[in-house]
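Hydrogens, waters and symmetry mates are skipped; everything else that's a heavy atom, side chains included, is used. The sequence lines fix the lettering, A, B, ..., with proteins before strands; numbering per chain opens at 1.
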There are 2 protein chains.
Amino acid sequence: MPNLGAQHANLDQKVYQILKTMIMERKLLPGEKIRQEKLAQELGISRTPLVAALKFLEHEKLVESKPRRGFYVRLFKIQEMVSIFELREVLEGLAARRAAGQVTNTQIDRLRQFFSPFKQLPEISDYRRYSQEDRLFHNYVIQIGAKEFLRSILETYNIISFSYQVVSSEGLVRSPDETLEEHLAVIEAICDRDPEAAENLMRNHFKKSAASLTEGIAKLRSA
Amino acid sequence: MPNLGAQHANLDQKVYQILKTMIMERKLLPGEKIRQEKLAQELGISRTPLVAALKFLEHEKLVESKPRRGFYVRLFKIQEMVSIFELREVLEGLAARRAAGQVTNTQIDRLRQFFSPFKQLPEISDYRRYSQEDRLFHNYVIQIGAKEFLRSILETYNIISFSYQVVSSEGLVRSPDETLEEHLAVIEAICDRDPEAAENLMRNHFKKSAASLTEGIAKLRSA
DNA sequence: ATTATGAATTTTGAATACAAAATTCAGTAT
DNA sequence: ATACTGAATTTTGTATTCAAAATTCATAAT
């Protein structure tokens, strides 16, 4: 139970962050109804900023509002996760394109460091560590190439995408040995300042993951 | 001054619609501070649903909140309009791809009707009518191909895009004679159920418009 | 005349209050 | 036992209230 003092400028934002974390960490379960009075008391606030935060989350699709019924934690079907991969495909493709077009030398140095602990290894076994590097890498490309609108959209949908990983067994759609190459290729294209290549490689990377997810569904169905 | 009775289930949504219209119709001017008490009174409501609606609009970037300072109508720089075109390029490209993959025969019939009043003409002079058809066409592709996430993003950004047209002289970035062909090509690709072509053609369509906008800026600068 | 000071006013952020709607639950009829 | 009815309870949507922060405005100092 996080304690919220009065020391913050904007309670809304703080509450929003807390709720987001609670949802991603499965403290609030998908499908579950959010009891406003109860939750507000637990957080030591009134319903006003809580509802404001819930409205934010509604926009980010993490929560659903049924009029006169209340807010419910959103549940994502696998099919919806596939759509989100499709979205990320084109959006991060765009981010990669722009990144390649405006990357600085300092950023190139940083980019080249990504995945270096894994490059030497004959086989990658620490999935958790790789998955974390994966997330950091994607975020860094966004930081370089996406601003304003693109960035705010990606923030929203990547959160959903990542929060889903909590459910999936190892947190990855495909094995590191398969994706490492793709990641390195994207890095090279950006460092070469080749926007076309960067976009295409990033899109391919996602296309393969989406395909893999879809396959996974098919297998699940037949099993 | 629209009159809001108590007859609505959700005031938030109604107020949100009204505000959106007011912003797009320039009843609230970009940069202007929104006087909450005053506006709430004009609408005959309290600040609570007004603030809720403003938070919605903040998410859609039509309004900006400065903490402890209030809400301001957002002002878009031309550079930001270009970014929005870039966004629409990849997003509507995706919509077109998906549209081509799942279009029904009925929808094909409807699609082929778009722009037919303009096809015969040697030259298109009624810019307003063409601009309206343009908007309807893009919305229809979205209706066919985009659902859930993609649709909600496009709704947001197309609104900004269209609301900008109110400012620009004739409401179009390029002349109809230039874009008609492109529109028809996209229609054909979708009706042929060719996702790749549909996406590429749609993206090209936007790429050219973005380029044209950028050129416009350059000209403005040198003038 | 310009800048600085601080009191009066306005506005925001958040809690509280309250009527209307939804939900729960007990008691009754089938 | 099950389905129905309506009263009691809870929850939602909205208005109102209030303290703290920001803004305005008048006055005084340079």
Between B/Q102 and B/I144, which heavy-atom pair has the shortest distance, and what is it? NE2-O, 3.2 Å
Within this structure, what is the [atom1]-to-[atom2] distance between [X] and [N], rounded to whole angstrom?
| X | N | atom1 | atom2 | result |
| --- | --- | --- | --- | --- |
| B/F71 | C/dT12 | CZ | P | 9 Å |
| B/R35 | C/dT10 | CZ | C1' | 9 Å |
| A/Q36 | D/dT10 | CD | C1' | 12 Å |
| B/L11 | D/dT12 | CG | P | 17 Å |
| B/K38 | C/dT12 | NZ | C1' | 17 Å |
| B/Q13 | D/dT14 | CD | C1' | 15 Å |
| A/K66 | D/dG13 | NZ | P | 13 Å |
| A/K14 | C/dG13 | NZ | C1' | 16 Å |

Under 6.0 Å from the CZ atom of A/R110, do we count more than 12 heavy atoms belonging to anything else shown? yes
Classify B/R47 by what it touches in the nucleic acid, base, sugar-phosphate, or nothing, heavy-atom distance under 4.0 Å. base
Would you list the protein and nucleotides 19-23 of chain C atom pairs, both N or O, that sit under 3.5 Å from each other?
unit_1, atom_1, unit_2, atom_2, d
C/dT23, OP1, A/R69, NE, 3.2

Report the residues that fulfil salt bridge (charged side-chain N to carboxylate O under 4.0 Å, His left out) with A/K147, sequence neighbours left out, ordered by chain and then residue number. none
Please list, chain by chain and in numerical order, all residues satisfying salt bridge (charged side-chain N to carboxylate O under 4.0 Å, His left out) with B/E58, sequence neighbours excluded. none
OP1 or OP2 of C/dA15 less than 4.0 angstrom from a side-chain nitrogen or oxygen of A/S46, does that happen here? yes
Is A/R74 paired with A/E64 through a side-chain N to carboxylate O contact shorter than 4.0 Å? no
Assess whether side-chain hydrogen bond (donor to acceptor under 3.5 Å, both in side chains) is satisfied between B/E60 and B/Y16, documenting all intermediate values. CA-CA 11 Å; B/E60 306 204 344; B/Y16 158 76; 2.8 Å; yes
